[in-house]
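Just so it is clear: chains get the letters A, B, ... in the order the sequence lines come, proteins before strands, and each one is counted from 1.
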Amino acid sequence: MRLGEDFYKQDAVTVAENLVGKLLVRKLKGEKVECRIVETEAYAGPEDKASHAYQNKKTDRTEVMFNSGGCVYVYLIYGIHNCFNIVTNEKGKPEAVFVRAVEPLSGIEIIKEKRDIKSKQVEEFTNGPGKLSQALDINKELNGYDLVSGDEIYLKTDDNNPEYQVISGKRINIDYAEEYREKLWRFFIKGNPFVSV
DNA sequence: CACAGGATCCACT
DNA sequence: GTGGATCCTGTGA
């Protein structure tokens with residue numbers, strides 16, 4: 001079942017935790033490429049020193065984070081990689097969930113084509129934020145895209161109800177965030193080979 | 001207008 | 001384990 005508005009309008013930590021195990025559907029070349037989300041991080045509002053929207057900082061880049069939950073936030077990092085985020089909570093509250101890793105379920109051939117690396121390890125195709133963005137052709141054109149009503153990219157529940165355990169931990173590469181480094185706002189599926197670290 | 005730096009990845013040693 | 005890539009963005013002059 002497709003995730004609706006209500007799901008995204010919860011706080012970022014709740015959404016981050018519940019997003020693990022959900023399916024990400026991306027339309028590429030007229031085909032539906034499906035992936036299971038295996039790792040997320042919450043960037044939770046104006047008090048979070050790790051967030052781009054810390055202290056409600058509103059700029060051209062962070063503006064989408066202030067939209068109501070359910071739209072896409074894409075930004076470029078290190079001049080190279082796009083990062084895929086999902087905006088959460090009510091309009092005016094700048095919160096988002098960063099999707100760090102996914103497990104491909106269908107459309108592997110398309111993913112391989114989009115990724116251009118020597119390694120043939122399947123895990124290497126989508127086990128990191130920049131990697132999954134490249135694999136699923138996620139770029140700035142999708143910034144602000146509506147996951148609730150759009151057709152190019154959206155989320156749904158996994159109706160096969162697989163067994164998995166969700167673990168929380170500290171977020172990655174946010175050394176600048178002082179005491180917010182310690183927050184256990186990273187969530188991932190225990191033992192899943194596609195988890196990034 | 002100029003500049004520093006980043007929610008990373010990959011090839012190489 | 002490590003360094004280079006590479007460019008957009010935010011900031012301050």
Side-chain angles (χ1 to χ4, degrees), chain A residues 8 11-17 19-20 24 35 37-67 69 71-89 93-104 111-145 147 153 167-189 193-197:
Chain A
Y8 301 106
D11 68 276
V13 177
T14 303
V15 176
E17 185 167 10
L19 215 45
V20 175
L24 175 64
C35 298
I37 294 174
V38 299
E39 183 182 358
T40 64
E41 284 179 1
Y43 285 81
E47 71 280 0
D48 182 2
K49 291 181 180 174
S51 173
H52 293 158
Y54 175 51
Q55 291 182 329
N56 279 312
K57 190 162 73 172
K58 198 173 197 172
T59 64
D60 288 344
R61 181 172 67 155
T62 64
E63 197 173 1
V64 275
M65 289 184 75
F66 290 81
N67 283 356
C71 66
V72 175
Y73 170 39
V74 181
Y75 67 91
L76 188 71
I77 191 66
Y78 300 113
I80 318 228
H81 304 288
N82 286 300
C83 289
F84 175 59
N85 296 252
I86 295 164
V87 175
T88 72
N89 221 322
K93 291 189 176 181
E95 300 189 4
V97 173
F98 183 32
V99 179
R100 289 191 57 87
V102 300
E103 172 182 359
I111 288 175
K112 279 185 181 169
E113 201 177 303
K114 296 283 176 188
R115 301 270 294 130
D116 190 23
I117 51 173
K118 288 185 178 177
S119 172
K120 292 192 173 170
Q121 291 279 322
V122 199
E123 295 82 11
E124 291 298 317
F125 289 103
T126 56
N127 66 344
K131 300 180 189 182
L132 75 91
S133 297
Q134 194 188 353
L136 299 178
D137 208 12
I138 292 167
N139 52 59
K140 270 201 74 183
E141 288 175 27
L142 284 177
N143 198 34
Y145 195 84
L147 291 164
I153 184 166
I167 310 278
S168 64
K170 294 179 190 176
R171 292 176 291 177
I172 311 288
N173 281 327
I174 51 158
D175 291 344
Y176 54 86
E178 299 175 22
E179 75 272 23
Y180 280 83
R181 275 182 299 202
E182 306 303 319
K183 298 286 181 186
L184 301 178
W185 287 347
R186 170 172 175 251
F187 302 94
F188 56 96
I189 294 180
F194 291 86
V195 171
S196 65
V197 253

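The side chain of A:Asn173 approaches B:dA7 more closely than any other nucleotide in the set C:dG10, B:dA7, B:dG6. Distance from the side chain of A:Thr59 is smallest for C:dG10 among the nucleotides B:dA11, C:dG10, B:dG6. Checking B:dA11, B:dG6, B:dC9 against the side-chain heavy atoms of A:Lys118 singles out B:dA11 as nearest. Listed nucleotides B:dC10, B:dA7, B:dC9 differ in distance to A:Glu124; the shortest reach to its side chain belongs to B:dC10. Listed candidates were C:dG10, C:dA5, B:dC9. Nearest to the side chain of A:Pro129 is B:dC9.
Taking all atoms of both residues into account, the shortest heavy-atom contact from A:Phe125 to A:Ser119 is CZ-O, 4.0 Å. Listed here is the closest heavy atom pair of A:Asn56 and A:Phe66: O-CZ, 3.5 Å.
At B:dC9, none of the side-chain N or O atoms of A:Arg115 fall inside 4.0 Å of OP1 or OP2 (strictly under the cut-off).
At whole-Å resolution of the value, CG in A:Asn82 and P in C:dT9 are 11 Å apart. In this structure, the OH atom of A:Tyr54 is 23 Å from the P atom of C:dT9, given to the nearest Å. For A:Asn127 and B:dT8, the CG to P distance is 13 Å, given to the nearest whole Å. B:dC10 atom P lies 7 Å from atom CD of A:Gln134, rounded to whole Å. Between A:Lys57 atom NZ and C:dG10 atom P there is a gap of 8 Å when expressed in whole angstrom units. Separating the NE2 atom of A:His52 from the C1' atom of C:dC8 is a distance of 12 Å, rounded to the nearest angstrom. Atom CD1 in A:Ile77 sits roughly 15 Å away from atom P in B:dC10 (whole-Å rounding). If you take NZ of A:Lys58 and P of C:dT11, they are 15 Å apart, rounded to a whole angstrom.
Stacking here means ring centres nearer than 5.5 Å and ring planes tilted less than 30 degrees, and by that measure A:Tyr78 does not stack onto C:dA5.
Between A:Glu178 and A:Lys49, at least one side-chain nitrogen of the basic residue sits less than 4.0 Å from a carboxylate oxygen of the acidic one, meeting the salt-bridge criterion.
Nucleotides of DNA chain C nearest to A:Lys140 and A:Ile80 differ in position, and the one nearer the 5' end is that of A:Ile80.
Ring pair A:His52/A:Tyr73 is perpendicular by interplanar angle, where above 60° counts as perpendicular and below 30° as parallel.
Pair assignment for C:dG1 gives B:dC12, based on Watson-Crick or G-U wobble hydrogen-bonding distances that are each under 3.5 Å. In this structure, C:dT6 makes no Watson-Crick or G-U wobble pair, since no nucleotide meets both defining distances under 3.5 angstrom.
As judged by a 4.0 angstrom heavy-atom cut-off over every strand, A:Arg171 is placed among residues making no nucleic acid contact. At the heavy-atom level, A:Arg186 lies nowhere under 4.0 Å from the strands shown.
The backbone N or O of A:Gln134 sits nowhere less than 3.5 Å from a side-chain atom of A:Arg115 that would complete a donor-acceptor pair.
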